[in-house]
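Notes for the one structure printed next.
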Amino acid sequence: MENNSISAKAEVPRWEMGSIYSGFESEAFIHDIGALDKVLSALEFSLKEPVTSDTFPGWLMGAVTLRNEADSLLVSLSAYASCIYSADTNNREALARINALEETALVRKGLEVSFRNILWKYRLLLDSAYSALPELASYKWLIDEDITARTRQMKPPLEELAEDMKRCGAEAWSRLHQQVTSNLSIAWDEGGTKQKTLNELRNMAYDSSREVRKHAYHRELELLKSAEIPLAAAINGVKGSAVILNRRRNWKSALSKSLFQSRISSKTLKALISAMEDSLPLWREYLDLKAGLLGIPRCSFYDLFAPIEQIGTIGTWSYTDAAALVTDCFSSFSPDMGELAKQAFGEGWIDAEIRQGKVGGAFCADFPRQKVSRILTNFTGTFSDITTIAHELGHAYHHRCVKELPFSQGQYPMTLAETASIFAETIVLNRILSNAEPAARLFLLETHLQDGCQVIVDILSRFYFESAVFEGREKNELSPAELCSLMEEAQLRTYGPALCRDELHPYMWAVKSHYYESDLDFYNFPYAFGLLFAAALYSRYEKEGSDFAETYRLLLSETGRLPCEQVCRKAGFDIQDKAFWAEGLSQYAKTLSRLKELS
Ligand SMILES: [Zn+2]
């Protein structure tokens, strides 16, 4: 790729929001807020209406339609408020709207409990309801899922109490984790005055000087140790609440709840984990190679993200060139995906400018009412900025594939959420790779393996750790020392001899916010699922060429209304078979041998 330094900063755009809502006081916004209230009242009313076996089919169709109406309004309004806020965190009105919509979301959630109870009561009438109303039959699997959810819910007043108490229970513990970690700082040098925050220290893992990385790592561990008591209390609080509620709700374990949320079977998870375990020698070989390139005998935890000096980087792109490149890559895959990119760049979907008051990172927000998406990113022109845009546009493409479906049929689980985004990234990465100079190619291959190593090896260590935490927490609270030793054991089991035994990261449990999510446990394996599923799809694309584009579009359109196994079977994949996951991993083995050849 050509090297273009960013010349015209002004070309980096802000997004266009006016066509979604032209403000919180706009007619359309006020109208939709009113419509949401009305739909929720109608839904509440229908849940109190007496239902008989004769009226059940009509009642169910009505309730399902009202739920779709309410959710698509709620999601669109909330996405708008949070986009406005993310682009300007000083906007107090946006924050107030977010809070008000959160309250509405709680009301909506409460209605779900009653809906499932009625569904449960009349479940034997479902088959005749499907014959009476064919439109209802397209919801069959989702309704079955609601029935399972009904067997995992407490009595309505208890569910209501649990929801209320969550705010000063698990969610409060989660906020404590956020507040403690975002306010921690430590002197850079013993006795010095220059302070470093936890984030600053963690970012130094990317520094090219090993001395800097090592020093930052030791300061980080010291900093986390200083806060280990409240942080351990927070993780014990979150996981303790989960243990109690899971037991009350008849979940066999936190993992079985997580499998349900992910829409996969335990057989699928076993196949995935076992393939990840089998691939460990590959990743250890990569880390040994990396150590060699860094000129050290063995990597330590603080070398995992180290840039390799002699490789260098691949320069920067202007925003206009980045847009042209991504559009071109997407169009080369399919006209449909190309259209999406043209629409996104041409109609102001992307806020890429860096400015004060705007949040960091990147996300894609979908607006089901308006059938469009918006993307926030912070563009500096680096390679990773390009893949980030591709990633978020991949999410937007996923939304494009489901936007015409009834709302609930387009809601995919976290396991499938990252598929479209990673697939889009892969298209762009491979295109850049094929045009790159040898030095740039080395950089790209190494970066690709570095990312893969995180999603396979580190994620596996997090899965082991979280399993051990649940096992321990069921018996008693875990001390900071116990948490540290569980973390080290998990890292030793995965990174193995590829990392220095005495320079692992025992405090990773204190860093990763995923362990502190009140409603989501095991928010780790879905990442590996997404990565390897996308890799397997890409292998298939390489074999089938452009014919694959239509299979891909159809597959994405099914992601919200079937369990993952069935979605994947439609594409010809058996995800309960370890060989499927090994196929995705083999892409990384290929990358490693290319890296070895080039270095
Ligand atoms: Zn994503």
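Both ligands and their constituent atoms are indexed starting at 1 by order of listing.
In this structure, Arg569 does not pair ionically with Glu565, as no charged nitrogen and carboxylate oxygen lie closer than 4.0 Å.
Excluding waters, the count of protein N/O/S atoms less than 2.8 Å from the Zn ion (ligand 1) comes to 4.
Classification of the Phe533-Phe573 ring pair by plane angle, with boundaries at 30° and 60°, yields perpendicular. Taking the six-membered ring where the residue is Trp, Tyr495 and Phe301 present perpendicular rings, their angle passing 60° and hence far from 30°. Ring pair Phe423/Phe548 is tilted by interplanar angle, where 30° to 60° counts as tilted. Ring orientation note: the planes of His177 and Tyr516 are close to parallel, at an angle under 30° on the 30°/60° scale.
Test Tyr523, Phe522, Phe465 against Tyr515 for side chain to side chain contact (heavy atoms under 4.5 Å, CB included) and you get one pass: Phe465.
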